[in-house]
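Heads up, the thing below is written out as structure tokens.
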Protein chains: 2
Amino acid sequence: MRHKDPHPPVERLVLTDVMAALSDPLRIGVVRLLADERERTFGEFDAPVAKSTLSHHLRTLRAAGVTRTREEGTRCYVRLRRADLEARFPGLLDAVLAAAGRDAVGDRIRLQAEG
Amino acid sequence: MRHKDPHPPVERLVLTDVMAALSDPLRIGVVRLLADERERTFGEFDAPVAKSTLSHHLRTLRAAGVTRTREEGTRCYVRLRRADLEARFPGLLDAVLAAAGRDAVGDRIRLQAEG
DNA sequence: CCAGATGTTCGTGAACTATCGAACATCAAC
DNA sequence: GTTGATGTTCGATAGTTCACGAACATCTGG
């Protein structure tokens, strides 16, 4: 379960890469679910796509520096790099989250129904 | 010189389309040059791409609702839909412009050297 | 060891994007 | 009308992205 693409360091976050990463409804949906700063495992996401497709999107977010991934046992925990994004692109993430919230962008991605 | 894709009305601007339109350095460069609210003709942009490529990028911006195009004679005037973008996605454009400015994104696109 | 859970990677096909040059359309000016 | 300026559109190519299932790797637990 080794990850290939490393996390880009804060100072090397690229605006166009972040914009591209956030130009997909599924990925926006994931980011919205991560907006509460809590860590989630990949499996917690209930998305209408194949497992491998979700993995691909999470890799895209990671490669762009939007999220940070941590492996623990056989699980992958992912969280939003909110502070890093804010440091490099002030206001950007908040604007996207607010707009996405109002427009219900990525609403098809939810958290697994938990007991 | 008739344009094909119409301008989307304000209320139908799509976040992911705007994000995608702004995920390209050349298009960000154009948007930065338009940030002063002045109208420009296509020919005023000095970009290191073919005429048809620039036309394509300007069409992308227009289709996403980032810019508005007006034809006058044989010229095309383009300007930023700043107010519309602000109304639908508050803070987004400003955040992008600020970040792009600091990182010099799209600096290869300039205005023609004028006499 | 074997089975199950969790993700990754690979191979594939479909769809989209960027780029160019060439051809075209439109208008202005002579 | 002819010519030149300004953009658009077309066709081709190359590269990228998205999606899937299948196969694989890793860890956990019997």
Side-chain angles (χ1 to χ4, degrees), chain A residues 1-7 14 16-30 39-64 66-79 106 108-109 111-112 114, chain B residues 1-7 14 16-30 39-64 66-79 105-106 108-109 111-112 114-115:
Chain A
M1 203 177 4
R2 202 86 266 138
H3 287 150
K4 260 185 179 171
D5 324 332
H7 301 91
V14 175
T16 50
D17 291 352
V18 171
M19 296 297 286
L22 297 179
S23 69
D24 180 283
L26 195 147
R27 290 193 291 261
I28 292 226
V30 168
E39 260 184 346
R40 303 286 180 185
T41 63
F42 288 21
E44 287 184 69
F45 298 109
D46 181 17
V49 294
K51 206 172 38 161
S52 53
T53 302
L54 179 60
S55 182
H56 154 67
H57 283 297
L58 287 166
R59 182 215 295 259
T60 300
L61 286 172
R62 178 177 60 238
V66 175
T67 58
R68 191 178 297 279
T69 295
R70 175 175 70 86
E71 302 165 32
E72 182 174 316
T74 171
R75 305 250 172 113
C76 275
Y77 288 90
V78 58
R79 63 194 155 83
R108 296 183 59 198
I109 293 81
L111 292 176
Q112 290 291 356
E114 32 194 320
Chain B
M1 202 176 7
R2 203 83 266 137
H3 287 149
K4 260 183 179 172
D5 322 333
H7 300 92
V14 176
T16 49
D17 291 353
V18 171
M19 296 297 286
L22 297 179
S23 68
D24 180 283
L26 195 147
R27 291 193 292 262
I28 291 225
V30 169
E39 262 184 345
R40 303 286 181 184
T41 63
F42 288 21
E44 289 186 68
F45 297 110
D46 180 18
V49 293
K51 207 172 38 163
S52 54
T53 302
L54 179 61
S55 182
H56 155 67
H57 283 297
L58 287 166
R59 182 215 294 259
T60 300
L61 286 172
R62 177 176 61 238
V66 176
T67 58
R68 192 178 296 280
T69 295
R70 175 177 71 85
E71 302 166 32
E72 183 175 315
T74 171
R75 306 251 172 113
C76 276
Y77 289 89
V78 58
R79 64 192 155 85
V105 178
R108 296 183 60 197
I109 293 81
L111 292 176
Q112 291 291 355
E114 32 194 319

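Protein chains get the first letters and strands the later ones, always in sequence-line order, with residue 1 at the start of each. On a predicted model such as this, the values are computed, not experimentally measured, just so you know.
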- Nearest of D/dT9, C/dT6, D/dA5 to any side-chain atom of A/Thr74? C/dT6
Could you state the atom-to-atom distance from [atom1] of [X] to [atom2] of [N] in whole Å?
X	N	atom1	atom2	value
A/Arg62	C/dG7	CZ	C1'	10 Å
A/Arg40	C/dG7	CZ	P	13 Å
B/Tyr77	D/dT6	OH	C1'	11 Å
B/Leu61	D/dT8	CG	C1'	16 Å
A/Glu71	D/dA25	CD	C1'	12 Å
A/Asp17	D/dT16	CG	P	13 Å
B/Glu44	D/dA5	CD	P	17 Å

- Message: Check the phosphate of D/dT9 against B/Arg59, side-chain N and O only, distance under 4.0 Å to OP1 or OP2. Yes or no?
- Response: yes
- Does any pair with a residue in residues 16-27 of chain B pass salt bridge (charged side-chain N to carboxylate O under 4.0 Å, His left out), and if so which ones, sequence neighbours excluded? none
- Item | Minimum heavy-atom distance between A/Ala20 and B/Ser23, given as atom pair plus value | N-CB, 3.5 Å
- Item | Closest approach of A/Leu22 to A/Ile28 (non-hydrogen atoms, all atoms of both residues) |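 That closest heavy-atom pairing would be O-CD1, 3.2 Å.
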- Task: Could you give me the CA-CA distance, side-chain angles and deciding distance for A/Thr16 and B/Val105, then say whether side-chain contact (heavy atoms from CB on, under 4.5 Å) is met?
- Result: CA-CA 8 Å; A/Thr16 50; B/Val105 178; 4.1 Å; yes
- Task: Using the test salt bridge (charged side-chain N to carboxylate O under 4.0 Å, His left out), find all partners of A/Glu39 that sit at least two apart in sequence or belong to another chain.
- Result: A/Arg70, A/Arg79
- For A/Arg68, which residues count as a salt bridge (charged side-chain N to carboxylate O under 4.0 Å, His left out) partner, sequence neighbours excluded? A/Asp84
- Nearest-nucleotide 5' precedence on DNA chain D, A/His57 against A/Glu72: A/His57
- Query: Considering heavy-atom distances to DNA chain D, does A/Leu26 or B/Ser55 have its closest nucleotide positioned more toward the 5' end?
  - Reply: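 Looking at DNA chain D, the more 5' nearest nucleotide goes with B/Ser55.
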- Between atom CZ of B/Arg62 and atom OG of B/Ser55, what is the distance when rounded to the nearest 0.5 Å?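 So the CZ of B/Arg62 and the OG of B/Ser55 are separated by 7.0 Å.
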Please produce a list of atom pairs where a protein N or O lies less than 3.5 Å from an N or O of nucleotides 20-23 of chain C.
{"residue": "C/dC20", "atom": "OP2", "partner": "B/Ala50", "partner atom": "N", "Å": "2.7"}
{"residue": "C/dC20", "atom": "OP2", "partner": "B/Thr53", "partner atom": "OG1", "Å": "2.9"}
{"residue": "C/dG21", "atom": "N7", "partner": "B/Ser52", "partner atom": "OG", "Å": "3.3"}
{"residue": "C/dG21", "atom": "O6", "partner": "B/Ser52", "partner atom": "OG", "Å": "3.0"}

- Message: Before you tell me yes or no, could you show the steps for B/Leu26 and B/Leu54 under side-chain contact (heavy atoms from CB on, under 4.5 Å), namely the whole-Å CA-CA distance, both residues' side-chain angles and the distance that decides it to 0.1 Å?
- Response: CA-CA 9 Å; B/Leu26 195 147; B/Leu54 179 61; 4.1 Å; yes
- Task: Tell me, please, which residues at least two apart from A/Thr53 pass side-chain contact (heavy atoms from CB on, under 4.5 Å).
- Result: A/Val49, A/Ala50, A/His57
List, with names and distances, any nitrogen or oxygen atoms from the protein found under 3.5 Å away from nitrogen or oxygen atoms belonging to nucleotides 11-17 of chain C.
none

